[in-house]
> 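Quick one: structure below, then a few questions.
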Amino acid sequence: MTGIGIHDLAVATGHHVLELDDLAERLGVDPAKYHVGIGQDAFSVPAPDEDIVTMGAAAAKEIIDRHGVDGIRTVLFATESGVDQSKAAGVFVHGLLGLPQNVRVVELKQACYGGTAAVQLALGIVARAPHERVLVIAADVARYDVDTAAEPTQGAGAAAILVSADPDLIEIEPAAGVFTADVDDFWRPNDRSTALVDGRLSVSAYVDAFVGAWDDLAAQGGPAYGDIVRFVHHQPFTKMALKAHRKLTQHVGVPFDESELAIGFTYNRQTGNTYTASLWIGLAALLDLDDDLAGERIALFSYGSGSVGELITGIVQPSYREHRRTGRVRNLLDARVPLTVDAYRELHAAGAATSEDVERPHVTTAPFRFAGVRGGARQYEAS
Ligand code: HMG
């Protein structure tokens, strides 16, 4: 059988952007703390008629527009900002995209790790039925309370990934390194719309998971460090990837080269934390670079608080550059409408999910919108 992996990848984000310079000014913080200290410049904020479903559907639409629906029999939607405790967000997407009825849809959760879990499940489905393709959607809105240390690390975004045999972009290798530890570093109880976090513990738990996943990958017969040309990490804030990677290089006993990692940060510095989508938006940034990575091995590290980490590797396919849509994500980011700090905080206060009937104003210019709640049920429509 040919290899299995990532055939295509599309990204979506929120309608608005908050520049961290503006937040720094409001909070009386040196902007360098954000740009240099945590490595972030801005974060995306959804419009009142956007959420994980509309962003996920926008990213998935790009994939369906390019490849059609043939062979897609499974949609896996990974999120930790689900809009319903029972119905999978992917079922709304199924309806919005008019997917055929002979498609199974399910939602997956383990903090930011859910997207990678979905990709692993997709690889397994395609291994069993190589003629099938699996649509993976990872979408999240990262929300913390305002006036907390975590406020500048919010964000919003989605990635849609088409997993298939004989992929155009990246063939995923079979060995994977995994690491699970029961840690209270970050969580969101059912009665909260914002996450609770022990910031320092979360940083060390991420580092432990990265090193632990590396050791497991090595034990599973994974490649040597020197055989990997690029690493892409989950990026809650981009400095996190640097911190973790520095520790890994000490662990392995190799020099640390910051500049090799920073190239996968361009989009995430702008979207903020996108939880399940973060790693895949980082991958999109890497593939959009001018460097020719054809035939090279890259590593992808996913971390979900709580916690589960997984490190996988893949071979960038020879003709990947012909299949990229370079400029697409940059245009999306540049098109976002800036918010003042007051306007962002107003949206933040109104951002909690509700079952009260409500109509949402038409703001988004994305392909789909959240129209509001009627009879307690969320209503979505084409914009
Ligand atoms: P803080 O209290 O603002 O941190 O919280 P700080 O005071 O330690 O400052 C941060 C860095 O800025 C430090 O650098 C300072 O030195 C530097 P470091 O020592 O770490 O290298 N700094 C400056 N640099 C330049 N110029 C200056 C300046 N001032 C200070 N003037 C924290 C930071 C990340 C903890 C907070 O934002 C937070 O709690 N965020 C949310 C949690 C988080 O993102 N954790 C990441 C790991 S967990 C994870 O990845 C999972 C997650 O995505 C959720 C999921 O899985 O679902 C979060």
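Whatever order the structure lists them in is the order used to number ligands and atoms, beginning at 1.
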> With heavy atoms of Thr153 as the reference, note each atom of ligand 1 found under 4.0 Å away.
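Matching atoms, with element in brackets: 37 (O), 40 (N), 41 (C).
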
> Output the list of atoms in ligand 1 that are nearer than 4.0 Å to some heavy atom of Gly199, sorted by atom number.
35 (C), 39 (O)

> Could you check whether Arg374 pairs with Asp357 (Lys NZ or Arg NE/NH1/NH2 to Asp/Glu carboxylate O, under 4.0 Å)?
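No.
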
> Give the atom numbers and elements of ligand 1 that come within less than 4.0 Å of a heavy atom of Glu80.
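The list of qualifying atoms is 55 (C), 57 (O).
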
> Classify the contact between Tyr113 and ligand 1 as side chain, backbone, both or neither, using a heavy-atom distance cut-off of under 4.0 Å.
neither

> Cationic tip of Arg378 within the cone over Phe370's six-membered ring, i.e. under 6.0 Å and within 45° of the normal?
yes

> Please report the closest heavy-atom contact between Ala59 and Ala10, naming both atoms and the distance.
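Scanning both residues completely, I find the closest heavy atoms to be O-CB, 3.4 Å.
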
> Is there a side-chain contact between Leu162 and Ile72 (heavy atoms, below 4.5 Å)?
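The answer is yes, as the side chains (C-beta and beyond) meet within the 4.5 Å cut-off.
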
> Nearest to atom 22 (N) of ligand 1 by heavy atom, Lys33, Lys109, Gln40, Arg188: which?
Lys33

> Between Gly155, Gly304, Pro236, Ala244, flag the one that comes closest to atom 50 (O) of ligand 1 by a heavy atom.
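It is Pro236 that holds the nearest heavy atom.
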
> Taking only heavy atoms of Lys243, which atoms of ligand 1 are found under 4.0 Å from at least one of them?
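That gives atoms 18 (P), 20 (O), 21 (O) of ligand 1.
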
> With a 4.0 Å cut-off, would you call Arg230 and Glu296 a salt bridge?
no

> Starting from atom 42 (C) of ligand 1, what is the nearest protein heavy atom, named by residue and atom, and what distance separates them?
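Looking only at protein heavy atoms, the one closest to atom 42 (C) of ligand 1 is Val197 CG2, 3.6 Å.
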
> Given the protein's heavy atoms, is any one of them under 4.0 Å from atom 30 (C) of ligand 1?
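Under the 4.0 Å cut-off, atom 30 (C) of ligand 1 does have protein heavy-atom neighbours.
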
> With a heavy-atom distance limit of 4.0 Å, tell me whether Thr148 approaches ligand 1 through its side chain, its backbone, both, or neither.
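Neither; nothing of Thr148 gets under 4.0 Å from ligand 1.
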
> Pairs of nitrogen or oxygen atoms closer than 3.5 Å, one from Cys112 and one from ligand 1: do any exist?
yes

> Short list, please: which atoms of ligand 1 are under 4.0 Å from a heavy atom of Ala111?
55 (C), 56 (O), 57 (O)

> Can you tell me the protein heavy atom closest to atom 58 (C) of ligand 1 and the distance?
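In this structure, atom 58 (C) of ligand 1 has Tyr144 OH, 3.5 Å as its nearest protein heavy atom.
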
> List the closest protein heavy-atom neighbour of atom 34 (C) of ligand 1: residue, atom name, distance to the nearest 0.1 Å.
Phe237 CE2, 3.3 Å

> Under 4.0 Å from atom 40 (N) of ligand 1, do we find at least one protein heavy atom?
yes

> Taking the side chain as everything from C-beta on, heavy atoms only, tell me whether Leu23 gets closer than 4.5 Å to Glu151.
yes

> Compute the shortest N/O to N/O distance between Ala149 and ligand 1 and return yes if it is under 3.5 Å, no if not.
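Yes; the residue has a nitrogen or oxygen that sits under 3.5 Å from a nitrogen or oxygen of the ligand.
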
> Does atom 15 (C) of ligand 1 have a protein non-hydrogen atom under 4.0 Å from it?
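Given the 4.0 Å cut-off, atom 15 (C) of ligand 1 does not count as touching protein heavy atoms.
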
> Can any side-chain N or O of Gln40 pair as donor or acceptor with the backbone N or O of Thr238 at less than 3.5 Å?
yes

> Return the residue, atom name and 0.1 Å-rounded distance of the protein heavy atom closest to atom 8 (O) of ligand 1.
Arg200 NH2, 3.7 Å

> For atom 47 (C) of ligand 1, state which one of Ser305, Gly309, Ser202 supplies the nearest heavy atom.
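It is Ser202 that holds the nearest heavy atom.
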
> Is Lys87 positioned over the aromatic face of Phe92, cation under 6.0 angstrom from the ring centre and no more than 45 degrees off axis?
yes

> Relative to the heavy atoms of Lys239, which atoms of ligand 1 are at a distance of less than 4.0 Å?
14 (O), 21 (O)

> Please lay out, stage by stage, how Ser259 and Asp257 fare under the test side-chain hydrogen bond (donor to acceptor under 3.5 Å, both in side chains).
CA-CA 6 Å; Ser259 60; Asp257 183 348; 2.6 Å; yes

> Give the C-alpha distance, both sets of side-chain angles, the deciding distance and a yes or no for salt bridge (charged side-chain N to carboxylate O under 4.0 Å, His left out) between Asp8 and Arg325.
CA-CA 10 Å; Asp8 203 357; Arg325 274 83 185 167; 3.8 Å; yes

> Can you tell me how the ring of Phe301 sits relative to the ring of His233, calling it parallel under 30°, perpendicular over 60° and tilted otherwise?
perpendicular

> Below 3.5 Å, N or O to N or O, backbone or side chain included: is there any such pair between Tyr206 and ligand 1?
no

> Taking the side chain as everything from C-beta on, heavy atoms only, tell me whether His251 gets closer than 4.5 Å to Asp215.
yes

> Does ligand 1 have an atom under 4.0 Å from some heavy atom of His35?
no

> Taking only heavy atoms of Tyr303 into account, list the atoms of ligand 1 that are under 4.0 Å away from them.
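Contacts of ligand 1 toward Tyr303, numbered from 1: 48 (S), 49 (C), 50 (O), 51 (C), 56 (O).
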
> Look at the aromatic rings of Tyr344 and Phe43 and report parallel, tilted or perpendicular, splitting at 30° and 60°.
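Tyr344 and Phe43: perpendicular rings.
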
> Can we say Lys247 and Asp208 salt-bridge, meaning some charged N sits less than 4.0 Å from an Asp/Glu carboxylate O?
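Salt bridge: no.
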
> Looking only at protein heavy atoms, identify the closest one to atom 25 (C) of ligand 1 and say how far it is in Å.
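For this ligand atom, the closest protein heavy atom is Ala32 O, 3.5 Å.
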
> Atom 24 (N) of ligand 1: which protein heavy atom is closest, and how many Å away?
Gly37 CA, 3.5 Å

> Are the aromatic ring centres of Phe210 and His245 under 6.0 angstrom apart?
yes

